[in-house]
Protein chains: 2
Amino acid sequence: MSLRYALLGLLADEAGSGYELTKKFERSLDRYAWHAKHNQVYQELNRLAADGLAEVVEEGARGRKTYAITEAGRADLRQWLLNPPRNPVVRNEFVLRLFLLFALDPKEARVVLAEYAAAVQRDLDALTALVESADVDPADGVLPDPLAFGHLAAGFGLHMLPASRDWAHWAIAQIDNWTEEGEEKSEAEDGARGA
Amino acid sequence: MSLRYALLGLLADEAGSGYELTKKFERSLDRYAWHAKHNQVYQELNRLAADGLAEVVEEGARGRKTYAITEAGRADLRQWLLNPPRNPVVRNEFVLRLFLLFALDPKEARVVLAEYAAAVQRDLDALTALVESADVDPADGVLPDPLAFGHLAAGFGLHMLPASRDWAHWAIAQIDNWTEEGEEKSEAEDGARGA
DNA sequence: AGAAGCATGTAATGAGTTACATGATTTG
DNA sequence: CAAATCATGTAACTCATTACATGCTTCT
């Protein structure tokens, strides 16, 4: 049911067509919260309309339909937000890969971790630039609504990305520390190799 | 295919029966990395055996079968670890809910965030206790293998949980700051209420 | 002997992916 | 007018969940 609520959430922010919602999904939810493809979005929008949680408010060129959330939809979304499922589904291929690194030898694991840290840093730089470009000076009294869609999510990224980068660096240090212990000798035989 | 690699990873750590692997899955991967139910585990083990990536090495009481990873399985796992899928799947009902909080009014969102922060803190306390009880003094020279299964994962939790707790507190502060701006008056009318 | 938990599975359904299909509009 | 991108969908398949089913072993 999560896809359903993800879409209701996007619709609660503003009405949109399947195409627009798919794009918004990719920009806002796809990376950290929920993943879905365009055809799944279209199908779920049909179901939401059939169940009275959303409705078509406009039909445009080449079959374009704009959906809006209904009162029933808002109520349903609100209930879901207030009553969390007790065993939320978590699937993360990134993290899975990182957790299974022990199956590689230390050198290989080190490379994977370094690449991961670099990718996270790139994401963080991009997000920082995005936030700065959109920011309102907090000193001028006209604070942006902190619940505005995207604001909490951006803050989430700004908190979590440095933590996962730091974890990767910590893991690399653990490995380096340990391999030195085990084989003090092999220091010289192997020059630096960039990734 | 992620479930397949999750199981190969667990088997790379040590051989086990479907039941044992299910339990290990729940303890180690379920919360942050990948989620699966027992029947899916059994089915995937059958497929792994059919594909020659795992093999039954022991049959015990009441149909119990112990599986071990094969060389082909190790090679397959290694390839997956070294060649990440470019668009890893991420699904997280927790995060989804948090991203959609804007659909609640500030007071309700605040409560959800406070409960979330408290739950994260409980997880962190439990993990800290677990790590301390299992820890070897790093000063005595006998460092544990940093790639030992669970070590990297535990470190991940120790890095990420504080960050997500801090994010929740930041989000609450944002909301408080903003609602004060908007309605300086309502300060007195509402006493403290514990969650 | 009965209850709790061990241990493995099947069947039906629902959610998600991949591949395919189609046509309109905008941009160069 | 050709290419890119907008825009929506269907069909077949695989992955995942829910509900059901079965029998063993250990503990009380």
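Keep in mind that the numbers below use all heavy atoms, side chains included, and drop hydrogens, waters and symmetry copies. Letters A, B, ... are given to chains in the order of the sequence lines, protein chains preceding strands, and every chain is numbered from 1.
Annotation: side chain of B:Tyr5 is not in contact with side chain of B:Leu10 (no heavy-atom distance under 4.5 Å).
Taking the six-membered ring where the residue is Trp, B:Trp170 and A:His159 present tilted rings, their angle falling between 30° and 60°.
With 3.5 Å as the limit, one finds a donor-acceptor pair spanning the side chains of B:His35 and B:Asp30. Using a 3.5 Å distance cut-off with no hydrogens or angles, the side chains of B:Thr70 and B:Glu55 do not pair a donor with an acceptor. Donor-acceptor pairing under 3.5 Å is lacking for the side chains of A:Asn39 and A:Gln43.
Judged as a side-chain contact (heavy atoms from CB on, under 4.5 Å), and not counting sequence neighbours, the contacts of A:Ala49 are A:Tyr67. Every residue two or more places apart in sequence or in another chain that forms a side-chain contact (heavy atoms from CB on, under 4.5 Å) with A:Glu44 is listed here: A:Leu3, A:Arg4, A:Leu7, A:Arg47, A:Leu48.
The interatomic distance linking B:Trp34 (CH2) with C:dG16 (C1') rounds to 11 Å, in whole Å. One can place CG of B:Asn87 at 17 Å from P of C:dG16, the figure rounded to the nearest angstrom.
Counting 5' to 3', DNA chain D first comes under 4.0 angstrom of a heavy atom of chain A and last does so at the ends given by D:dC6 to D:dT17.
The closest donor-acceptor contact from the side chain of A:Gln79 to the backbone of A:Asp76 lies at 3.5 Å or more, if one exists at all. Side-chain atoms of A:Trp167 never come within 3.5 Å of backbone atoms of A:Pro162 as a donor-acceptor pair (strictly under, hydrogens ignored). Proximity of a side-chain donor or acceptor of B:Asp51 to a complementary backbone N or O of B:Leu53 within less than 3.5 Å is not detected.
Salt bridge status for B:Lys24 with B:Glu14: present, with a side-chain N to carboxylate O gap under 4.0 Å. We find that A:Arg31 and A:Glu26 are not joined by a salt bridge, their nearest charged nitrogen and carboxylate oxygen being 4.0 Å or further apart.
End-to-end axis angle of the helix from C:dA1-D:dT28 to C:dG28-D:dC1, from C1' rotation axes over five pairs per end: 30° (rounded to 10 degrees).
Residues A:Phe156 and A:Leu158 fall within the same hydrophobic cluster, defined by Ile, Leu, Val, Met, Phe, Trp and Tyr side chains chained together at heavy-atom separations under 4.5 Å.
Near DNA chain D, meaning a heavy atom under 4.0 Å away, there are no residues from residues 6-26 of chain B. Within residues 35-51 of chain B, the residues approached by DNA chain D to less than 4.0 Å at the level of any non-hydrogen atom are B:His35, B:Lys37, B:Asn39, B:Gln40, in residue-number order.
No contact: B:Arg4 has no heavy atom under 4.0 Å from any strand.
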